[in-house]
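The sequence lines fix the lettering, A, B, ..., with proteins before strands; numbering per chain opens at 1.
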Protein chains: 2
Amino acid sequence: MADRKPIESTSTAQDPLKQKGLSVTGSRRKILQLFMQQKGALSHRDIEKKAGAVFDRVTIYRTLQTFLDKGIIHAIPSAGNAVRYALCQGQCGPGHHDHQHIHFICSRCKHTFCLDHSVTPDLHLPKGYQAQDIDVLVKGVCQQCSTTSK
Amino acid sequence: MADRKPIESTSTAQDPLKQKGLSVTGSRRKILQLFMQQKGALSHRDIEKKAGAVFDRVTIYRTLQTFLDKGIIHAIPSAGNAVRYALCQGQCGPGHHDHQHIHFICSRCKHTFCLDHSVTPDLHLPKGYQAQDIDVLVKGVCQQCSTTSK
DNA sequence: TACAAAAAAGCAACAAAGTTGCAAAAATCT
DNA sequence: AGATTTTTGCAACTTTGTTGCTTTTTTGTA
């Protein structure tokens with residue numbers, strides 16, 4: 001009896017998952033929580049590790065895909081092969097993502113951060129090229145790393 | 001006897017591979033050639049397909065790594081999981097890459113191009129963040145695709 | 001031109017990452 | 001509370017990437 005508690009849904013309507021039209025499950029709650037309590041971005045691997053062996057690998061793949069589709073998280077390009085994901089801040093929704101922030105990759109701690117300092121790079125594309133979406137990746141040293149152990 | 005010809009080394013010194021201090025082998029020649037006769041960027045997969053089954057997968061991986069190390073090609077970040085590579089134009093060499101061009105990813109034909117129109121986005125990083133390298137990824141419609149089959 | 005040393009390629013075996021179909025479990029709706 | 005829908009877990013598989021070692025090729029030199 002006592003083990004059937006609805007986790008913490010004092011008010012179902014204010015659940016971010018519900019708001020996006022998703023059913024609320026353990027893995028979705030957990031993964032969303034991981035993103036929320038995390039300053040930086042997370043790769044699939046990070047989530048696997050942080051979540052422990054609680055969820056199946058496949059479930060994580062599927063949850064990430066669902067979150068992407070619903071505009072809850074966005075994918076951050078990477079030059080290695082570890083795409084990372086982070087929460088969407090703006091008006092992202094099913095089908096469209098709209099971000100105007102920088103993705104900062106720390107070369108020291110290897111973490112990826114979304115910096116809310118919008119840039120509008122002066123694009124001078126050659127004739128015929130039409131821009132739809134811009135992603136600015138900056139590699140450097142993050143705040144944390146630049147202050148500690150100079 | 002006739003099958004021992006040095007491929008085409010009229011002048012060994014002007015071989016781009018030699019210039020970078022690399023020994024000249026069949027796979028390196030072929031892969032470099034693929035990059036040169038290609039307008040866009042190539043993924044490992046593309047190369048595997050284009051080269052036919054002539055080279056071992058491992059050889060291609062190692063060749064790409066060598067080219068990266070020597071500053072012959074550079075990696076282009078990707079949000080999916082298909083890092084692409086393209087020839088370096090500028091003063092890249094062992095250990096350092098220096099690019100100031102846009103990477104354009106066509107959402108229609110899925111090709112990636114390096115556009116030689118340099119951008120210096122106005123970076124306003126939060127305090128403590130130090131930029132070392134910037135990569136501007138633009139998604140949109142390329143010249144080819146915007147003119148054909150509107 | 002031939003020969004020894006060095007470098008690269010090929011092979012095999014493996015590790016990691018990602019995908020698919022399906023049955024069992026759970027969340028949702030009424 | 002029970003039926004329906006959705007999601008999960010599992011198993012099997014494909015693709016991608018890595019490592020060690022032997023054979024082959026390239027290179028530098030006599």
Got a list of protein N/O to nucleotides 27-30 of chain D N/O distances below 3.5 Å?
unit_1 : atom_1 : unit_2  : atom_2 : d
D:dT27 : OP1    : B:Val24 : N      : 2.6

Taking N and O atoms by type only, does the side chain of B:Arg62 place a donor or acceptor under 3.5 Å from a partner on the base of C:dG10?
yes
May I have the distance from [X] (atom [atom1]) to [N] (atom [atom2]), rounded to whole angstrom?
X: B:Asp69; N: C:dA8; atom1: CG; atom2: C1'; value: 15 Å
X: B:Lys30; N: C:dA9; atom1: NZ; atom2: C1'; value: 17 Å
X: A:Lys20; N: C:dT28; atom1: NZ; atom2: C1'; value: 20 Å
X: B:Asp46; N: D:dT16; atom1: CG; atom2: P; value: 10 Å
X: A:Gln65; N: C:dA17; atom1: CD; atom2: C1'; value: 15 Å
X: B:Leu17; N: D:dT25; atom1: CG; atom2: P; value: 18 Å
X: B:Arg28; N: C:dA8; atom1: CZ; atom2: P; value: 4 Å
X: A:Leu64; N: C:dT19; atom1: CG; atom2: P; value: 11 Å

Could you tell me whether B:Lys139 atom NZ has more than 12 heavy atoms of other residues or ligands within 6.0 Å of it?
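Atom NZ in B:Lys139 is not packed in, count stays at 12 or less.
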Tell me, yes or no, whether the heavy-atom count around B:Gln144 atom CD, taken from other residues, nucleotides or ligands under 6.0 Å, exceeds 12.
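No, because the 6.0 Å sphere around CD of B:Gln144 holds 12 heavy atoms or fewer from other groups.
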Nearest 0.5 Å please: distance from the [atom1] atom of [X] over to the [atom2] atom of [Y].
X: B:Tyr85; Y: B:Leu42; atom1: OH; atom2: CG; value: 11.0 Å
X: A:Leu137; Y: A:Ile102; atom1: CG; atom2: CD1; value: 10.0 Å
X: A:Tyr129; Y: B:Ser146; atom1: OH; atom2: OG; value: 8.5 Å
X: B:Arg62; Y: B:Asp56; atom1: CZ; atom2: CG; value: 8.0 Å

For the helix from C:dT1-D:dA30 to C:dT30-D:dA1, what is the angle between the axes at its two ends, each from 5 pairs, rounded to 10°?
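The end-segment axes of the helix from C:dT1-D:dA30 to C:dT30-D:dA1 are tilted 40° relative to each other.
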Step through it carefully: locate the ring centre of A:Tyr61, locate the ring centre of A:His44, and say whether they are under 6.0 Å apart.
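Under 6.0 Å, so yes.
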Do B:Asp69 and B:Thr66 pair up side chain to side chain, a donor and an acceptor below 3.5 Å, judged on atom types alone?
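There is no such pair (donor and acceptor under 3.5 Å, judged by atom type) between the side chains of B:Asp69 and B:Thr66.
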How would you label the contact of A:Ser27 with the nucleic acid (heavy atoms, under 4.0 Å): base, sugar-phosphate, or nothing?
sugar-phosphate
Any base atoms under 4.0 Å from A:Val54, or only sugar-phosphate, or nothing? Heavy atoms, all strands.
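Here A:Val54 touches the backbone only, sparing every base.
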Closest nucleotide among C:dT20, D:dT18, C:dA17 to the A:Arg45 side chain:
C:dA17
Do B:Leu115 and B:Ile134 share a hydrophobic cluster, counting only Ile, Leu, Val, Met, Phe, Trp and Tyr and linking them when any side-chain heavy atoms are less than 4.5 Å apart?
yes
Using the closest heavy atom to pick a nucleotide of DNA chain D for each, name whichever of A:Arg57 or B:Glu48 lands nearer the 5' end.
A:Arg57
